[in-house]
Novice: 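Before I ask anything, here is the structure I am working with.
First listed ligand is number 1; within each ligand, the first listed atom is number 1.
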Amino acid sequence: MEDQELPYVLIDCIGGKHGVYEDHTEFLKTRFCLITMKEYLENKKFLGEKIRAIFMWYHKPVIDEELLQSLPNLKVVASSGVGIDHLDLNLLSSFGVKVSNTPFVVSTDTADLGVALMLASARRLVEGYQMAVSPDTEYFPADWLGVEVSGTALGIIGMGTIGYKVAQRARAFDMKILYHNRNQRNKEEESAVGAIYCKKIDDLLQQSDFVMLAVTLTPQTHKLIGKRELELMKPTATLINISRGLVVDQDALVEALQNKVIKAAALDVTYPEPLPRDHPLLKMKNVTITPHIGSATKETRRLMMENMTENIQAALTGLPIPNEVLL
Ligand SMILES: O=CC(=O)O
């Protein structure tokens, strides 16, 4: 344990799969007294009273009622990334605990990844790579062709910060951009990127060559894309998901891909993550899949950590929290 003057902040662990990165700890330790879950569990009585914030790096540690009851002085949970579907906001609020996330610093990289998935799927990059490196497969059969991206129609469902950045990038490909937002039409952003608003999601699905999901997961967006929606899409269309796996009915998606209801899918998110090794989505050539890496660059992860630090410091000094998540 360190300098008693610094605020005590609970983290899951340092290093490993869910841990705070080793090279971030130098920065964090100048601001906080970091307590790992292991240390906390070994000395619950003393540390429980001391801890004032949780630095929640990629959904860890899991926060439940029992943990909250044992942390009477907890003021804030700083969650990394933008999605907060792993948190029970009502429960946290009932304990008077505030919540923050880091929506703005993850948007550029997540939008980049959405475009990368679209291009990779359309131009069959993964298959192409395998063909190039494997001496046993035929090298570029004549009928092995991708589809053109430039000039096609991209439908963005969820034109928030990430969706907007996807649209900005799509302009460089001369794409026709359609978008749908459940609650809010943003005329200013819409005209800045030349996007066409579709009041009905069905219109967007019917007209798009690529459908990009960039919504947050809420009860309203849970399985937003199911059998009916997939059937509305063009048989030549590709579904790209950079939001949350549960926004799509995955069984319906498997069926649609198997039955050629749609052409392809490119997924950074699934449920569960990772998928079981024998899952059909892992065996299909028309599925491009990545392990939830929207914000996974060195630069963005560092910004996220700094952003979380600012949120905690503001909460503990009574200042407005820059990225407070309100109920
Ligand atoms: O999935 C990543 C995030 O929510 O930022």
Novice: Are there any protein N or O atoms under 3.5 Å from the N or O atoms of ligand 1? List them with distances, or say none.
Specialist:
from: ligand 1; atom 1: 1 (O); to: Arg244; atom 2: NH1; distance (Å): 2.8
from: ligand 1; atom 1: 1 (O); to: His292; atom 2: NE2; distance (Å): 2.5
from: ligand 1; atom 1: 4 (O); to: Val82; atom 2: N; distance (Å): 3.2
from: ligand 1; atom 1: 4 (O); to: Gly83; atom 2: N; distance (Å): 2.7
from: ligand 1; atom 1: 4 (O); to: Arg244; atom 2: NH2; distance (Å): 2.8
from: ligand 1; atom 1: 5 (O); to: Val82; atom 2: N; distance (Å): 2.7

Novice: May I have the list of side-chain donor-acceptor pairs in residues 192-203 shorter than 3.5 Å, sequence neighbours left out?
Specialist:
from: Asp202; atom 1: OD1; to: Arg228; atom 2: NH2; distance (Å): 2.9
from: Asp202; atom 1: OD2; to: Arg228; atom 2: NH1; distance (Å): 3.1
from: Asp202; atom 1: OD2; to: Arg228; atom 2: NH2; distance (Å): 3.3

Novice: Scan Ile11, Leu71, Val97 and name whichever one has a side chain to side chain contact (heavy atoms under 4.5 Å, CB included) with Ile54.
Specialist: Leu71

Novice: Does His86 have any ring-ring contact (aromatic ring centres under 6.0 Å, His included) partners at least two apart in sequence or in another chain, and if so, which?
Specialist: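 Checked His86 against ring-ring contact (aromatic ring centres under 6.0 Å, His included); matches are His59.
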
Novice: In residues 139-158, what donor-acceptor pairs under 3.5 Å come from side-chain atoms, sequence neighbours left out?
Specialist:
from: Trp144; atom 1: NE1; to: Glu127; atom 2: OE1; distance (Å): 3.1
from: Thr152; atom 1: OG1; to: Val149; atom 2: O; distance (Å): 2.6

Novice: Is it true that Leu267 and Met233 fall in one hydrophobic cluster, defined by side-chain heavy atoms closer than 4.5 Å?
Specialist: yes

Novice: Please confirm whether the backbone N or O of Gln250 pairs with a side-chain atom of Tyr271, one donor and one acceptor, at under 3.5 Å?
Specialist: yes

